[in-house]
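I have a structure here, written as structure tokens, and I will follow up with some questions on it.
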Amino acid sequence: MTEIELRSDNAAGVAPEIMAAVAAANPGSALAYGDDHVTTRLEAVVRDVFEHPTARVFPVTSGTAANALALTSLCPPWGAVLCHESAHILKSEGGATSMLGGGAVMQGVPGSNHRVHPDGLQAALDAVRWGDPHHSQPAVLSLTQPTDMGTVYTVAEITALADTARDRGLRVHIDGARIANATARLGCSPADITWRAGVDVFSLGATKNGALSAEAIVVFDNNAADELVYRTKRSGHVTSKMRFQSAQLIAYLTDDLWLRLAAHSNQQMEQLAAGLAEAGVEFLNPPDVNMLFARVPDEAATQLEAAGLLFYRIAPGLIRLVTSWQTSDDDIDQTLERFAAVLANTREGWLLRPAGSPTPEPS
Ligand SMILES: Cc1ncc(COP(=O)(O)O)c(C=O)c1O
């Protein structure tokens, strides 16, 4: 039985257009460390796509590096980065920002659906003992778009949160490991979701969406960019053959490839979620992008695994399913068939609500 990959978009391969771009950059030689014509072109492409005449871009090799470097370019060692309490930068990056930031801390802010709520942000800002050296001083608001649970902030929500942060002198960062999925979902312009909404720096994810260990930091603030020249080098991210990362990122951003790949991945999740909802499976929240958290008893999860479905078990009774640019229609049909077979076996006790009823709103 063929396995179906639903663990992570990280598990997907490299998009053919991106492989082709690497091959096209291969003939001949080019200067190292970003002093090559491909990396120079990347900046022009980023300025064009994000409609920002002075934007600067720093290719790096992982999303963790992009976040940690972006955040430390905005945050002093005595500063704090405010983020949602479930944010990847807080929970899943091993304290990279604190290490590279000389001790800067991350502080979690509550909010439903894994989004920072304006009231939670305001309360966190009001509780700060500003100017007191015994306390870390909030310097950055970091929003994960989409969130680690696959929910998205609207442009208006980002703008309102950025305004609140700016009122207290904070800068604004987006962890955009999957920002293409959010942009495709919202159907907005890349500029609207970033600098026009008040974002200073963001991490542009590409690897999860078809690139080969190529991510970037996009900077709309010249001071932060000037710092990143040194910070990227000191942390080992000024790679000698940067042209191959830059070639990927150019291909990624050209002709909306990033948005087309993400739209496909979102669409496959939409199909999957519709089928599962129809079969009566309950979700933690409706999937805005390519990620779904489904309530499945452990015994049923074991049967689904035995049927060749690859997914993560997040907690007892909770699994995560993720589609990618590579997920085919057949993958979705097969997944639904295998769910149906396991459902038929284990129906009793699994269905938390009658088949066909609407997915409940998240709490
Ligand atoms: C929301 C988010 N941010 C950042 C990262 C970090 O990316 P990387 O694993 O490339 O360091 C991930 C990876 O899963 C992620 O999901």
Side-chain angles (χ1 to χ4, degrees), residues 5-15 18 58-72 81-101 106 108-109 111 113-116 140-153 158 172-185 193-194 199 201-218 232 235-237 239 245 248-249 252 258 261-262 265-266 269 284-285 287-293 310-312 314 320-325:
E5 180 57 71
L6 294 164
R7 284 171 298 189
S8 172
D9 37 13
N10 278 315
V14 176
I18 291 180
F58 298 84
V60 293
T61 55
S62 75
T64 300
N67 285 337
L69 289 166
L71 289 167
T72 56
V81 175
L82 302 187
C83 56
H84 191 270
E85 51 199 8
S86 69
H88 200 271
I89 58 167
L90 178 59
K91 295 287 188 191
S92 307
E93 296 186 0
T97 296
S98 296
M99 184 193 72
L100 291 179
M106 284 160 289
V109 175
N113 280 338
H114 299 266
R115 290 184 291 237
V116 173
V140 189
L141 170 67
S142 177
L143 304 173
T144 313
Q145 172 74 322
T147 69
D148 298 87
M149 294 300 280
T151 52
V152 302
Y153 292 93
I158 295 177
V172 183
H173 164 256
I174 281 186
D175 172 357
R178 295 186 178 87
I179 198 166
N181 298 80
T183 312
R185 164 74 193 205
I193 207 179
T194 55
V199 174
V201 177
F202 78 98
S203 306
L204 172 66
T207 304
K208 296 177 199 307
N209 194 28
L212 199 174
S213 300
E215 311 270 311
I217 308 167
V218 175
T232 49
S235 60
H237 281 277
T239 54
Q245 289 161 275
Q248 293 183 59
L249 292 163
Y252 188 63
W258 61 310
L261 294 172
S265 152
N266 290 351
M269 177 49 74
L284 219 54
N285 41 258
D288 285 342
V289 285
N290 62 330
M291 205 181 288
L292 177 71
F293 293 80
L310 303 176
F311 52 82
Y312 280 136
I314 299 296
R320 188 184 85 160
L321 305 169
V322 181
T323 51
S324 77
W325 70 271

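Whatever order the structure lists them in is the order used to number ligands and atoms, beginning at 1. Predicted model, so just to flag it, every value in this text is computed and none were measured.
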Subject >> Those protein residues which place at least one heavy atom below 4.0 Å from ligand 1 >> reply: Asn10, Ser62, Gly63, Thr64, Asn67, His88, Glu93, Thr144, Asp148, Asp175, Ala177, Arg178, Lys208
**OP:** Check for a donor-acceptor pair, side chain of Asn209 on one end and backbone N or O of Trp258 on the other, with a separation under 3.5 Å.
**Re:** yes
Original post:
Can you list the residues that meet the side chain to side chain donor-acceptor pair (under 3.5 Å) rule with Ser98, with sequence neighbours excluded?
Top reply: none
Original post:
Is it true that a side-chain atom of His84 and a backbone atom of Gly111 form a donor plus acceptor pair closer than 3.5 Å?
Top reply: yes
Subject >> ring-ring contact (aromatic ring centres under 6.0 Å, His included) partners of His237, counting only residues at least two apart >> reply: none
**OP:** Go through the structure and list residues passing side chain to side chain donor-acceptor pair (under 3.5 Å) with Thr232, not counting sequence neighbours.
**Re:** none
**OP:** Quick one: pull up CD in Glu93 and CG in Leu71 and give me the separation to the nearest 0.5 Å.
**Re:** 8.5 Å
